[in-house]
Amino acid sequence: MSSGAARRPDGSVRALPAPDLDDHPVSPFLTAPWTSLTSRIAQLGSPRHYARGEHVYTQGQLSSRFHLVVSGRVRIYLHRPDGSERSLAYAEPGASLGEAACVDGRPRHLASVCTRPSEIVSVTRDALLSAAREEPELLLEITRRIAYKQRVMQLHVLIEGLPARERIILLLGHLVEAYGEIALDEVARLSIRPAVDELGLLVGLTRVTTSRELSRLVAEGLLEKEGRGFVVRDLPDLRRRVHAVLA
């Protein structure tokens, strides 16, 4: 197989460009190209199918395993003492989760639940360390993934200090980067249709506040509703607004 291609666990081959770690901004939507390293990690574990609503792991759990998403989608969230939840990330195919607790042996500080039927590979710490003796780049890849999630946590700290409107603008920017089907660099239709309360959980807003801010953007012509989904009607304007928030 050439260096520009990688084989998925199902045997299919996907051509890949050379990776560029600076190509995309830090995002709570964890997407990753299925590279040869990803395939090698998948070979270290055993796959399991999860139903929608089934937990991959729970908060406070001890485990010497981490997980790689082959298909589906997993929500990673914090369960607060008052019973509320804060969504921190969504893991898509190629992304992994639970690496930190696997490495340091401490209780998991987050929980994860499948938002659709998913296939997930579970890899033990011993299997990773054994393979890394001959392939040290595996450990480097896991370290890189943990470091990226630290940047996602920094993003949430930034979001906490922003007004509701700016939180929604940033969220839309991330949604477009992760799931946007872009036409003529002007219009972006989101390929997923998250519920309003799910969006609010990602940026620490109530359903009412999230709905109000989205409605204002619709009235301004930036967004258009399509059933439960959204279409960004003016992508350059959205990008200008995101830049203004981050400036």
Side-chain angles (χ1 to χ4, degrees), residues 24-34 49-56 67 69-79 84-97 110-120 152 155-156 159 162 164-239 241-242 245:
H24 297 291
V26 175
S27 170
F29 301 99
L30 306 177
T31 59
W34 197 278
H49 292 275
Y50 289 77
R52 181 178 183 271
E54 187 174 359
H55 279 81
V56 181
H67 308 274
V69 181
V70 177
S71 64
R73 180 179 299 127
V74 180
R75 181 171 71 95
I76 302 168
Y77 68 95
L78 173 69
H79 186 79
S84 65
E85 295 178 0
R86 173 67 183 270
S87 294
L88 298 175
Y90 282 83
E92 300 283 351
S96 53
L97 57 154
L110 301 173
S112 62
V113 63
C114 295
T115 61
R116 60 173 57 175
S118 303
E119 181 181 352
I120 297 171
V152 173
L155 175 65
H156 280 286
I159 287 175
L162 295 176
R165 182 179 182 82
E166 294 184 355
R167 297 189 194 193
I168 294 298
I169 290 295
L170 275 186
L171 178 61
L172 286 173
H174 288 307
L175 283 167
V176 167
E177 290 292 338
Y179 306 111
E181 298 171 350
I182 299 173
L184 302 176
D185 208 34
E186 293 286 339
V187 176
R189 176 174 281 101
L190 298 181
S191 61
I192 64 169
R193 299 190 175 193
V196 171
D197 54 346
E198 291 179 356
L199 294 178
L201 284 173
L202 265 174
V203 288
L205 298 176
T206 66
R207 186 184 190 282
V208 171
T209 301
T210 303
S211 181
R212 181 189 68 216
E213 295 301 330
L214 289 171
S215 296
R216 287 178 176 174
L217 294 176
V218 169
E220 293 171 12
L222 180 66
L223 285 180
E224 178 182 327
K225 288 211 66 176
E226 273 191 354
R228 282 184 55 196
F230 287 96
V231 177
V232 177
R233 303 304 307 177
D234 191 341
L235 189 54
D237 184 29
L238 174 61
R239 286 171 172 162
R241 296 187 192 207
V242 169
V245 172

Novice: Can you tell me how far apart CD (Glu181) and CD1 (Ile192) are? Round to the nearest 0.5 Å.
Specialist: 10.5 Å

Novice: In the structure I gave you, are the side-chain heavy atoms of Trp34 and Val70 within less than 4.5 Å of one another anywhere?
Specialist: yes

Novice: Near Arg52 CZ, under 6.0 Å, is it more than 12 heavy atoms from other residues, nucleotides or ligands?
Specialist: no

Novice: So which atom in Asp234 and which in Leu222 form the shortest heavy-atom distance, rounded to 0.1 Å?
Specialist: O-CD1, 3.4 Å

Novice: If we only count heavy atoms from C-beta on, is the Leu199 to Leu214 side-chain gap below 4.5 Å?
Specialist: yes

Novice: At what distance, to the nearest 0.5 angstrom, does CG of Leu30 lie from CD1 of Ile76?
Specialist: 5.5 Å

Novice: Over all heavy atoms of both residues, which pair between Leu235 and Val187 is shortest? Give the atoms and the distance, please.
Specialist: CB-N, 4.4 Å

Novice: So which heavy atom on Val56 is nearest to which on Tyr50, and how close?
Specialist: CA-CE2, 3.9 Å

Novice: Quick one: list whatever passes salt bridge (Lys or Arg N to Asp or Glu O under 4.0 Å) with Glu92, sequence neighbours left out.
Specialist: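 Once residues adjacent in sequence are excluded, the partners of Glu92 under the salt bridge (Lys or Arg N to Asp or Glu O under 4.0 Å) criterion are Arg73.
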
Novice: According to the interplanar angle, ranging from 0 to 90°, do the rings of Phe29 and Tyr179 count as parallel (below 30°), tilted (30 to 60°) or perpendicular (above 60°)?
Specialist: perpendicular

Novice: Strictly by modelled atom types, are Arg86 and His79 linked by a side-chain donor-acceptor pair under 3.5 Å?
Specialist: no

Novice: Measuring from atom CG of Leu172 to atom CD of Glu177, what distance do you get when rounded to the nearest 0.5 angstrom?
Specialist: 12.0 Å

Novice: Check whether any side-chain heavy atom of Thr115 sits under 4.5 Å from a side-chain heavy atom of Val74, and report yes or no.
Specialist: no

Novice: Under 3.5 Å, is there a donor-acceptor pair between the side chain of Ser215 and the main chain of Ser211?
Specialist: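 Pair found, side chain donor or acceptor close to backbone of Ser211.
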
Novice: Whether Arg193 and Glu198 form a salt bridge (side-chain N of Lys/Arg under 4.0 Å from carboxylate O of Asp/Glu) is what I want to check.
Specialist: no

Novice: Within the distance-only criterion (no hydrogens, no angle test), does the side chain of Glu220 pair as donor or acceptor with the backbone N or O of Leu217 below 3.5 angstrom?
Specialist: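 No: the side chain of Glu220 does not pair with the backbone of Leu217.
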
Novice: Looking at Cys114, is its backbone amide N or carbonyl O close enough to the side chain of Ser118 to form a donor-acceptor pair, meaning the two atoms are under 3.5 Å apart?
Specialist: no

Novice: Does the distance from a Lys or Arg side-chain N to an Asp or Glu carboxylate O, for Arg75 and Glu85, drop under 4.0 Å?
Specialist: yes

Novice: At what distance, to the nearest 0.5 angstrom, does CG of Leu170 lie from OG of Ser27?
Specialist: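 These two atoms lie 10.5 Å from each other.
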
Novice: Using side-chain heavy atoms (C-beta onward) and a distance below 4.5 Å, is Tyr77 in contact with Leu110?
Specialist: no

Novice: State, to 0.1 Å, how close His156 and Leu88 come at their nearest heavy-atom pair, and which atoms those are.
Specialist: NE2-O, 2.8 Å

Novice: Go through it in stages, so that I can follow the logic: the residues are Glu226 and Leu190, the test is side chain to side chain contact (heavy atoms under 4.5 Å, CB included), and I'd like the CA-CA distance, side-chain angles, deciding distance and then a yes or no.
Specialist: CA-CA 10 Å; Glu226 273 191 354; Leu190 298 181; over 6 Å; no

Novice: For salt bridge (Lys or Arg N to Asp or Glu O under 4.0 Å), just list the numbers for Arg233 and Glu224, CA-CA rounded to whole Å, side-chain angles, deciding distance to a tenth of an Å, and then say yes or no.
Specialist: CA-CA 7 Å; Arg233 303 304 307 177; Glu224 178 182 327; 3.4 Å; yes

Novice: Does His49 reach the side chain of Pro117, with side-chain heavy atoms less than 4.5 Å apart?
Specialist: no

Novice: Which atom names give the shortest non-hydrogen contact between Arg167 and Val203, and what distance separates them?
Specialist: NH1-O, 2.8 Å

Novice: CD1/Ile159 to CD/Glu166 distance, rounded to the nearest 0.5 angstrom?
Specialist: 11.0 Å

Novice: Could you grab the distance from atom CG of Asp197 to atom OG1 of Thr210, nearest 0.5 Å is fine?
Specialist: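 One gets 8.5 Å once the value is rounded to the nearest 0.5 Å.
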
Novice: Before you tell me yes or no, could you show the steps for Ile169 and Leu162 under side chain to side chain contact (heavy atoms under 4.5 Å, CB included), namely the whole-Å CA-CA distance, both residues' side-chain angles and the distance that decides it to 0.1 Å?
Specialist: CA-CA 11 Å; Ile169 290 295; Leu162 295 176; over 6 Å; no

Novice: Evaluate side chain to side chain contact (heavy atoms under 4.5 Å, CB included) for Leu202 paired with Leu171, printing each intermediate quantity in order.
Specialist: CA-CA 8 Å; Leu202 265 174; Leu171 178 61; 4.0 Å; yes

Novice: Looking at side-chain heavy atoms only, is the closest gap between Ser112 and His55 below 4.5 Å?
Specialist: no

Novice: Stepwise, does the side chain to side chain contact (heavy atoms under 4.5 Å, CB included) test hold for Arg212 with Arg165?
Specialist: CA-CA 9 Å; Arg212 181 189 68 216; Arg165 182 179 182 82; over 6 Å; no

Novice: Could you report the tightest heavy-atom contact between Ser71 and Pro93, atom names first, then the distance?
Specialist: CA-CG, 3.9 Å

